[in-house]
Undergrad: 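Let me give you the structure first, and then I'll get to my questions.
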Amino acid sequence: QVQLVESGGDSVQAGGSLRLSCTSSASLSSNPFMGWFRQAPGKEREGVAAIAILFGSTYYDDSVKGRFTISRDIAKNTVYLQMNSLKPEDTAMYYCARGDVPRPLDQSAYRYWGQGTQVTVSS
């Protein structure tokens, strides 16, 4: 079983920034995609951002495009999510996931998931 550990979640004011980290127990090269998903209380889980591990191609949901940036450090087995200009509607539990099929923001394409890190944005 591959283990994913997220960190960096915190409580911030609207307009602030956070950087989330996700470290894998296995090499990132073993799967084509890493993704970030989020789920707010009472709402469905949604795709936020994803990255093709080998080539670095990135994909974003329209709601975060221009504000969030996903990146990876293959040597450290780590993927990051830099979040700027945070809004109250960004409040959610954020999950890191690994997948092996090219559907970047489709949660059904991911087989390994972290336990999540909480992001809370106050208005």
Undergrad: Donor-acceptor pair, distance only, cut-off 3.5 Å: does the side chain of D106 make one with the backbone of R103?
TA: no
Undergrad: Testing the basics here: between F33 and P102, what is the closest heavy-atom pair and its distance to 0.1 Å?
TA: CE1-CA, 3.3 Å
Undergrad: Which heavy atom in G99 sits nearest to a heavy atom in Y110, and how many Å separate them?
TA: N-CD2, 3.3 Å
Undergrad: For Q118 and A92, which heavy atoms make the closest approach, and how far apart are they?
TA: NE2-O, 3.3 Å
Undergrad: Minimum heavy-atom separation for S24 and A26, please, with both atom names.
TA: OG-O, 2.9 Å
Undergrad: From T120 OG1 over to Q13 CD, what is the distance, rounded to the nearest 0.5 angstrom?
TA: 13.0 Å
Undergrad: Do R38 and V64 come close enough that some side-chain heavy atom pair is under 4.5 Å?
TA: yes
Undergrad: Check this for me: Q115, atom CD, are more than 12 non-hydrogen atoms of other residues, nucleotides or ligands nearer than 6.0 Å?
TA: no
Undergrad: May I ask you to check if R45 and Y95 form a cation-pi contact, with NZ or CZ under 6.0 angstrom from the six-membered ring centre and within 45° of the axis?
TA: yes
Undergrad: Do R19 and L81 come within less than 4.5 Å of each other through their side chains, counting heavy atoms only?
TA: no
Undergrad: Side chains of F68 and I70: does their closest heavy-atom pair fall under 4.5 Å?
TA: no
Undergrad: So V119 and T91, do their side chains get closer than 4.5 Å, heavy atoms only?
TA: no
Undergrad: When you look at S71 and Q82, which way does the side chain to side chain contact (heavy atoms under 4.5 Å, CB included) test go after all the steps?
TA: CA-CA 8 Å; S71 61; Q82 178 66 46; over 6 Å; no
Undergrad: For Q39, is there any backbone N or O sitting under 3.5 Å from a side-chain donor or acceptor partner on E44?
TA: no
Undergrad: Evaluate the side-chain proximity of V79 to I51: yes if any heavy-atom separation is below 4.5 Å, no if none is.
TA: yes
Undergrad: Can you tell me how far CZ of R72 sits from SG of C22, rounded to the nearest 0.5 angstrom?
TA: 14.5 Å
Undergrad: Could you tell me the separation between the CD atom of Q3 and the OG1 atom of T23, rounded to the nearest 0.5 Å?
TA: 12.0 Å
Undergrad: Could you tell me whether D62 and K65 have a side-chain N and a carboxylate O separated by less than 4.0 Å?
TA: yes
Undergrad: Rounded to the nearest 0.5 Å, how far does OG of S63 lie from NZ of K87?
TA: 8.0 Å
Undergrad: Specify the closest pair of heavy atoms between R67 and S85, including all atoms of both residues, with the distance to one decimal.
TA: NH1-O, 3.0 Å
Undergrad: Is the shortest side-chain heavy-atom distance between V48 and D61 below 4.5 Å?
TA: no
Undergrad: My understanding is that only one of V12, D90, L20 makes a side-chain contact (heavy atoms from CB on, under 4.5 Å) with M83; could you say which?
TA: L20
Undergrad: Quiz question: by atom type and distance under 3.5 Å, do the side chains of N84 and S17 form a donor-acceptor pair?
TA: yes
Undergrad: Can you tell if the side chain of Y80 reaches within under 4.5 Å of the side chain of T69, non-hydrogen atoms only?
TA: no
Undergrad: Just checking F37 against W113, ring centres under 6.0 Å apart?
TA: yes
Undergrad: Of all heavy-atom pairs between S29 and L54, which one has the smallest distance, and what is that distance?
TA: OG-CD2, 3.9 Å
Undergrad: How long is the gap from OG on S27 to CD1 on I74, to the nearest 0.5 Å?
TA: 7.5 Å
